[in-house]
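Below is one structure, written out as structure tokens, with a few remarks after it.
Numbering of residues begins at 1 and proceeds along the displayed sequence.
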Amino acid sequence: GHTRLPVYSRGKVGVVRLVHGAHVYPDVHATGEAPPYAEDPQWLYTVEFDGRELWGDDAEPGATVSIDAWEPYLEPVSPQ
């Protein structure tokens, strides 16, 4: 289905750095349904990834990438 999660971050482990609160979930507007749309509020987070997690050993040392991701895009990770 439709997602706004960048391909390079899918299945990768990051750290939630900021909680933006619950907002209208934009993916419900991408379904092609006619208005009025259900608001379907979801939590929005800023997630930070280490460059090595995204690009392996070829990443620039110390590089990080932050993305805003909706809760339905995220999966919990067990502490190691």
Side-chain angles (χ1 to χ4, degrees):
H2 177 78
T3 180
R4 287 175 170 75
L5 186 65
V7 172
Y8 61 82
S9 66
R10 296 178 192 174
K12 306 297 183 180
V13 177
V15 176
V16 172
R17 294 292 185 201
L18 185 62
V19 179
H20 295 282
H23 301 274
V24 174
Y25 187 43
D27 287 22
V28 299
H29 297 271
T31 63
E33 294 179 19
Y37 302 108
E39 290 188 0
D40 192 22
Q42 298 289 330
W43 288 92
L44 179 63
Y45 304 93
T46 296
V47 182
E48 182 180 81
F49 297 89
D50 184 285
R52 291 171 297 174
E53 176 70 15
L54 300 177
W55 298 293
D57 292 336
D58 291 334
E60 182 177 328
T64 61
V65 174
S66 295
I67 64 167
D68 289 336
W70 297 95
E71 187 164 354
Y73 299 166
L74 304 179
E75 298 177 14
V77 175
S78 300
Q80 295 180 358

Identify every side-chain donor-acceptor pair in residues 53-60 under 3.5 Å, counting partners at least two apart or on other chains, and give the distances.
{"from": "Glu53", "atom 1": "OE2", "to": "Val13", "atom 2": "N", "distance (Å)": "2.9"}

Can you list, pair by pair, the side-chain donor-acceptor contacts under 3.5 Å of residues 44-51, counting residues two or more places apart and other chains?
{"from": "Tyr45", "atom 1": "OH", "to": "Glu71", "atom 2": "OE1", "distance (Å)": "3.3"}
{"from": "Thr46", "atom 1": "OG1", "to": "His20", "atom 2": "NE2", "distance (Å)": "2.6"}
{"from": "Thr46", "atom 1": "OG1", "to": "Asp68", "atom 2": "OD1", "distance (Å)": "2.6"}
{"from": "Glu48", "atom 1": "OE1", "to": "Arg17", "atom 2": "NE", "distance (Å)": "3.1"}
{"from": "Glu48", "atom 1": "OE1", "to": "Arg17", "atom 2": "NH2", "distance (Å)": "3.1"}
{"from": "Asp50", "atom 1": "OD1", "to": "Arg52", "atom 2": "N", "distance (Å)": "2.7"}
{"from": "Asp50", "atom 1": "OD1", "to": "Arg52", "atom 2": "NE", "distance (Å)": "3.0"}
{"from": "Asp50", "atom 1": "OD2", "to": "Arg52", "atom 2": "NH2", "distance (Å)": "3.0"}

inquiry  = Applying a strict under-4.5 Å side-chain criterion to I, L, V, M, F, W and Y, I'd like to know whether Val16 and Ile67 cluster together.
reply    = yes

task = Say whether Tyr73 and Tyr8 are linked into one hydrophobic cluster, either directly or through other cluster members, by side-chain heavy-atom distances under 4.5 angstrom.
result = yes

request  = Evaluate side-chain contact (heavy atoms from CB on, under 4.5 Å) for Leu74 paired with Trp43, printing each intermediate quantity in order.
outcome  = CA-CA 10 Å; Leu74 304 179; Trp43 288 92; over 6 Å; no

remark   = In terms of heavy-atom contacts, Gln42 and Trp70 come closest through O-CZ3, 3.4 Å

note = Residues pairing under salt bridge (charged side-chain N to carboxylate O under 4.0 Å, His left out) where one sits in residues 5-16, two or more places apart or in two chains, turn out to be none

